[in-house]
Amino acid sequence: MPAARESLLDAAYAALARRPWSAVRMVDVAAAAGVSRQTLYNEFGSKDGLARALVRREADGYLAGVDRALTGHSDPRGRLTATAEWITSAARENALVRAMLTGCWSERLPSPSLSAVSSTSAVPAQRRADGPLPSPGDFVALVRDRAVTVLAGPGTPKSDTADLARSCELAVRLALSCVAAPPGEGGVADLVHSVLQSDAG
């Protein structure tokens, strides 16, 4: 991603932390990034284009974190637990991620349409941002499928893959429930362990 685009997205994210999206001005985002307002419009087209690009970047960052969590442990249960912990921490620390995962967009946040919008942008990254954005259900499926791909070895029977997909989806949905209602003393890790243990039994 070109440096100017990334700087503009950083500036928009920082502005959003200080004020509602409706009060974020394009001229202020451009000034904070150290570029002209014309550069901002060339890159994103409009404030809605900037919002879509910001949401797309946060979605990509969230999924990159899922990938790191899935490869950070050697045993399957540890990988699913780390993924569940990432889901809850990412949602707790990033209001845009929380909104994407739950579908609950507050008045403070941009809430772009999830369906694709007409794009005439010459910028490939903006054309991607103008495409469809993931829904909460899409995120469940994306994380489940990534987990199955990492955890199922080559030659895994289809029946075992179906069971694994079910366990992965349970872990993801359990983590999402902890976003809405934070867990008690043992945290999400204890919940995931107990659910996976009972699911295996």
Side-chain angles (χ1 to χ4, degrees), residues 1 6 9-10 13-14 16-17 52-106 109 112 114 125 128-129 131-201:
M1 185 175 291
E6 192 65 27
L9 290 170
D10 288 343
Y13 187 84
L16 183 59
R52 293 184 71 82
L54 185 58
V55 169
R56 171 59 68 185
R57 183 182 76 162
E58 299 309 304
D60 290 346
Y62 165 75
L63 292 172
V66 166
D67 291 338
R68 286 190 301 274
L70 284 169
T71 57
H73 293 267
S74 57
D75 67 294
R77 191 169 291 173
R79 289 176 174 188
L80 284 178
T81 301
T83 302
E85 289 175 326
W86 165 251
I87 291 168
T88 56
S89 69
R92 183 175 51 250
E93 296 166 11
N94 187 318
L96 282 173
V97 169
R98 186 170 48 255
M100 286 186 283
L101 297 181
T102 63
C104 298
W105 294 85
S106 78
L109 300 175
L114 296 181
R128 181 169 180 263
L133 297 171
S135 69
D138 293 334
F139 278 112
V140 169
L142 285 165
V143 176
R144 178 201 62 217
D145 293 348
R146 285 169 188 238
V148 169
T149 298
V150 169
L151 299 177
T156 302
K158 196 167 194 154
S159 61
D160 289 352
T161 302
D163 290 343
L164 179 59
R166 182 176 174 274
S167 294
C168 291
E169 184 158 338
L170 277 172
V172 172
R173 290 187 180 279
L174 181 61
L176 289 173
S177 75
C178 292
V179 169
E185 189 176 311
V188 69
D190 282 355
L191 292 173
V192 169
H193 280 294
S194 61
V195 166
L196 292 178
Q197 193 166 0
S198 65
D199 193 43

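R98 places no side-chain N or O within donor-acceptor distance of the main-chain N or O of E93, the cut-off being under 3.5 Å. Between the R144 side chain and the C168 main chain, no donor and acceptor come within less than 3.5 Å of each other.
Note that the CD atom of E58 and the CZ atom of R56 stand 12.0 Å from one another [nearest 0.5 Å]. Taken from CG in L101 to CG in D138, the straight-line distance is 11.5 Å, to the nearest 0.5 Å. Here the straight-line distance linking atom CG of L70 with atom CG of L80 works out to 7.0 Å at 0.5 Å rounding. Between Y13 atom OH and L96 atom CG the span is 6.5 Å, to the nearest 0.5 Å.
Across all their heavy atoms, A171 and A84 have their closest contact at O-CB, 4.2 Å. The two residues G103 and P136 make their nearest non-hydrogen contact at N-CG, 3.5 Å. The minimum heavy-atom distance between G78 and H73, with the atom names listed, is O-CD2, 3.5 Å. The shortest heavy-atom contact between R52 and A129 is NE-O, 3.1 Å. Minimum interatomic distance between L151 and P76 (heavy atoms only, all atoms of both residues): CD2-CA, 3.7 Å. Nearest heavy atoms, C178 versus T88: CB-CG2, 3.7 Å.
Between I87 and V188, the closest side-chain pair of non-hydrogen atoms is not below 4.5 Å. With contacts defined as side-chain heavy-atom distances shorter than 4.5 Å, the pair D67/T71 does not qualify. Side-chain contact between W86 and T81: absent, with no pair of heavy atoms (C-beta onward) separated by less than 4.5 Å.
In terms of the salt bridge (Lys or Arg N to Asp or Glu O under 4.0 Å) criterion, R92 has no residue partners (sequence neighbours excluded). Residues satisfying the salt bridge (Lys or Arg N to Asp or Glu O under 4.0 Å) test with D10, not counting sequence neighbours, are R57. Scanning for side chain to side chain contact (heavy atoms under 4.5 Å, CB included) contacts around L63 gives F139, L142, V143, R146, with sequence neighbours left out.
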